[in-house]
Amino acid sequence: MPQIKAAVCHEFGAPLTVEMVELRAPQTGEVEVKLDAVAICHSDISFADGAWGGSLPAVYGHEAAGIVSAVGGGVTGFNIGDSVIVTLIRACGTCPSCAGGKPTICGTPYDGDKGPLSTTDGGKLHQAMACGAFAEKVVVDQSQIVTIPSDMAKDAAALVSCGVITGVGAVVNAAQMRAGQDVVVIGAGGVGLNAVQGARIAGARRIVAVDMSEEKLEIAKQFGATDGILATNSNPWEAAKQALGRGADAVLVTVGAPQAYTDAPNYLAPGGKVIMVGMPASGAASTYEAGNFASAGQSMVGSKMGDVVIQRDIPWIVDLYGQGRLKLDELISNRWTLEQINEAIADTKTGSAKRNVIIF
Ligand SMILES: [Zn+2]
Ligand SMILES: [Zn+2]
């Protein structure tokens, strides 16, 4: 079986090990993609730290772009040599969620322990998030990839596959924001900045970014935030309401802090929605007064991966980037080699708003 280089997690909380692994050829409905770039997402770090459990040893990485290098039987619409974005959104196409237009919550389970990866001695190697993209190549289901223009830079393209669609989609698909509405984005990290630019593109009147860091608030303004409020102030929602003149029609929680969820309803206007994007560790809980939601006609909406349909939403996001209307290059803080992945992860953990990208 062909061997590739991958960064493997053997133990939660320990550095990843860059080593040779085996990647079997694509089977029916699958494609092999030779990666040019993979970004490091906070979800990769949460998994590697053990926050969400899961099988070990494992290969993480799920924000990737590259070139189709082999196709299995029954693959339609993709050819060797196509430039593609690889996502973790593996959709069977026929379950009630997929058939109902919600592929991000596909109900058909996928067992990454039985995926295309194995150790060089034939042992189990978990393909995390149906991707395993901290590796030179991936074999994924054809539902997970979208063709992009061959001249689009792959480092920018890789970002689209998770942080960008999650943030932009949370505004456009989950909040169903219409032009003129007011938005609060809690957390100005990778997903938060994309929620900000999603709100800008969708025509928000005011976009208030809330974060613990003054520096991140400044970056959020470059992405379209009209106002920035420090979360370390007491009752920051009062300053947000002052900036808006009212509460927000949509409050997007893009961080995984339980306290952010407890605070989020305080920012809402009557009829407003809290869009729940960030994922606290398993078992973490937040509190809210249910009666307030009933009396003010408010709601909380969970949004996974921006509720996107990748074949519909990635082409327009890529086109907006090409027109200069959606920022991607500005989201990249640094570029690294696969051998430097632990340094890149450490740098990401320092809380930078931007993405570190591994270039192959
Ligand atoms: Zn991600
Ligand atoms: Zn499905």
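Residues: numbered from 1 along the sequence shown. One-based numbering, in listed order, for ligands and for the atoms of each. Hydrogens, waters and symmetry mates are skipped; everything else that's a heavy atom, side chains included, is used.
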Enquirer: Out of the candidates Val253, Val191, Val255, only one should pair with Val277 under the side-chain contact (heavy atoms from CB on, under 4.5 Å) rule; please name it.
Expert: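 Exactly one option meets the side-chain contact (heavy atoms from CB on, under 4.5 Å) with Val277, and it is Val191.
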Enquirer: Give every protein N, O or S atom lying under 2.8 Å from the Zn ion (ligand 1), naming each by residue and atom.
Expert: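 Under 2.8 Å from the Zn ion (ligand 1) - ignoring waters, which are not counted - the protein N, O or S atoms are Cys41 SG, His62 NE2, Cys162 SG.
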Enquirer: Can you check whether Asp155 reaches Ile332 side chain to side chain, under 4.5 Å on heavy atoms?
Expert: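 Asp155 reaches Ile332 side chain to side chain.
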Enquirer: What heavy-atom pair brings Met212 and Leu230 nearest, and what distance separates the two atoms?
Expert: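 Heavy-atom minimum between the residues: O-CD2, 3.5 Å.
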Enquirer: Decide whether Val168 and Met276 are clustered together by the hydrophobic rule: side chain heavy atoms of Ile, Leu, Val, Met, Phe, Trp, Tyr closer than 4.5 Å, transitively.
Expert: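 Cluster IDs for Val168 and Met276 differ.
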Enquirer: Parallel under 30°, tilted from 30 to 60°, perpendicular over 60°: which one fits the rings of Phe47 and Tyr60?
Expert: parallel
Enquirer: May I ask you to check whether Asn235 and Asp263 show a side-chain donor-acceptor distance below 3.5 Å?
Expert: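 Their side chains do not contain a donor-acceptor pair, so the 3.5 Å distance test is not met.
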Enquirer: side-chain hydrogen bond (donor to acceptor under 3.5 Å, both in side chains) for Asn194 and Gln197? Distances and angles first, verdict last.
Expert: CA-CA 5 Å; Asn194 286 295; Gln197 66 174 341; 2.8 Å; yes
Enquirer: What are the protein N/O/S atoms, named by residue and atom, that sit under 2.8 Å from the Zn ion (ligand 2)?
Expert: Cys92 SG, Cys95 SG, Cys98 SG, Cys106 SG
Enquirer: Please round to the nearest 0.5 Å and tell me the distance separating atom NZ of Lys304 and atom OG of Ser97.
Expert: 9.5 Å
Enquirer: Let me know which of Ile317, Asp319, Val160 forms a side-chain contact (heavy atoms from CB on, under 4.5 Å) with Leu326.
Expert: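 Per the side-chain contact (heavy atoms from CB on, under 4.5 Å) rule, the option paired with Leu326 is Ile317, out of Ile317, Asp319, Val160.
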